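These numbers were taken from a predicted model, which means no experiment stands behind them. Numbers restart at 1 for each chain; the letters A, B, ... are given by sequence-line order, proteins then strands.
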Amino acid sequence: MIADWFHYDFLRYTLLSGVLIGVICPLLGTFLVVRRLSMMADGLSHVTLSGVAAGMLLSKNVAFLGAVNPLFFGMIFSVIGSLFIERLRKLYKSQQDLAIPIILSGGLGLFTVLVSMADGFTTDLYSYLFGNIVTVTKEDMFALIGVAVFVIGTVLAIYKELFAVSFDEEFARVSGVARKFINFWFIVLVALTIAASMRIVGVLLISAMITLPVASSLQIAKSFRQTIFYAILFAEISVLVGLYFAYLLDWASGGTIVLVAVLLLLGVLASKKLKRIWN
Amino acid sequence: MRNGNADDEIIRLASVSFHYEDKHVLDQVNLELFRGDFVGIVGPNGSGKSTLMKLILGLLTPTAGRILLFGQPQERFRDWSKVGYVAQQAAHGAGGFPATVREVVSSGLVGKLGLFRRLKPADREKVAAVVERVGLADKLDKRIGSLSGGQLQRVFIARALVADPELLILDEPTVGVDQESIEQFYELLRSLKDEHKMTMMIVSHDVGMMTQWVNKVACLQHTLHLHSKHEFEHHQEEILQVMYGDTVRVLAHHH
């Protein structure tokens, strides 16, 4: 059984992709959660989905675009969508949470129209919605490796600024932190991560991958760095255990990974409670 | 050549006005503060105290008038690490953030260091020293959620101090802080002023307490009048009566 993972290419791609997602989703997720932006992933994933649909439609109808991975269009849509969210948040200063439902419903609306225009391609779509262990291609994996290197590198480079802006945006601004620059790059990183993670986790479950490991981590971490560390640890456990059972039982990989993450969270909460009773 | 006097001018507001669409908040405010000044700003709710602070910090832009910081026009001022800021209720809601005292105080150095520069060992020592200075040495690696309101407020003061500001702006820093901590807090401010000639601006609703420690009092009610401490104490009753009206009795502290 374990040998399968090293024997079949597609499983190796899935495994490596999963491990990378297990790093970048909770890494950015920690910042999103503490900034109360965890719903943003949800909004963006639907915009990305419409981008993928647009990509499929184009590659079907425009010959020279046939070779372009639809995920590429997903990324472009996602980045545009993320910048649009920032604009909306400025426009609706006192109702900042409004930006996400606007983007989410807009993205979903566009997606359904694009699908109806193409009236076909439903087979592949399922894997974008729910994540599918066997559809990860070599191109998907390389795209994800590129995104992961870029995300991890950027976060390391601007970590102290990201922390300052996430903790207290007004103070960061007053003390001369390049707040706009940081926010711009952060949101671009989130958009890229979502687009690249879609194949494994699925659109509908991406925000779970970004928030659940962080939710568990917040319960036990003693510092911000630890919050990130434990979030990644919980995410990796969810990905590896989830992928294993998804393959074994032929379940949707995204759903299985998320269920493991939920179980981990329940486990953390229960063990905290037990510890309190014990003391 | 600039003379010594001009170098010592920290803040100058020249006919600064600010209004929202139909509401005048500040009208033709003039203010000059020099190195080592410790000014308390007094005024009823809605008199524009927080607006004044935000204008000086560049968080709002004046509708009319000019602001100079350290002799430079504020819109061209880039040396923001010279300015420390403790916001009104900075501590409010921050307790749930999963960060340690050390991490929060270190974030006060981020703007000063600039992009892509890491904290050096000297910076880390600085952080520890400032935390010790505000009396929280034993909490350095504790999550801020485990601190009391007064302790959390001191964390924010440490964050403002860690970059060695020359001007410290404090907006209601003692809200929700117990009486004993407030006294310690003012002691700390006074020693900072004495040792580093730091210039300080403070807004507090606790007029009686605050005015004991400052050397100038700025009375704000859309317009601003600056009094020396002596002047203020002498005419306190009538000044406050004019601003707050007859209905409010202001408690003066006498020790």
Could you tell me which residues in residues 230-241 of chain A have at least one non-hydrogen atom under 4.5 Å from a non-hydrogen atom of chain B, sorted by residue number? none
Just checking heavy atoms, which of residues 100-108 of chain B are less than 4.5 Å from chain A? B/Thr100, B/Glu103, B/Val104, B/Ser107, B/Gly108
Side chain, backbone, both or neither: which part of A/Ile158 has an atom under 4.5 Å from a heavy atom of chain B? side chain
If we ignore hydrogens and angles and just use 3.5 Å, is the side chain of A/Lys160 paired with the main-chain N or O of B/Arg117 as donor and acceptor? yes
Region of B/Ile169 that comes under 4.5 Å of a non-hydrogen atom in chain A: neither
Which bit of B/Lys82 is near chain A, if near means a heavy-atom gap under 4.5 Å: side chain, backbone, both or neither? neither
Knowing that exactly one of A/Thr227, A/Ile220, A/Val214, A/Thr30 qualifies, which makes a side chain to side chain contact (heavy atoms under 4.5 Å, CB included) with B/Pro98? A/Thr227
Could you state the interatomic distance from CZ (A/Phe224) to CD1 (B/Ile144), rounded to the nearest 0.5 Å? 11.0 Å
The reported gap from CZ in B/Phe116 to CD in A/Glu161 (rounded to nearest 0.5 angstrom) is 7.5 Å
CG of B/Asp141 to NZ of A/Lys222, rounded to nearest 0.5 Å, is 11.5 Å
Within residues 260-279 of chain A, the residues sitting under 4.5 Å from chain B by heavy atom, in sequence order, are none
Once salt bridge (charged side-chain N to carboxylate O under 4.0 Å, His left out) is applied, do any residues pair with A/Asp42, and if so which ones, sequence neighbours excluded? none
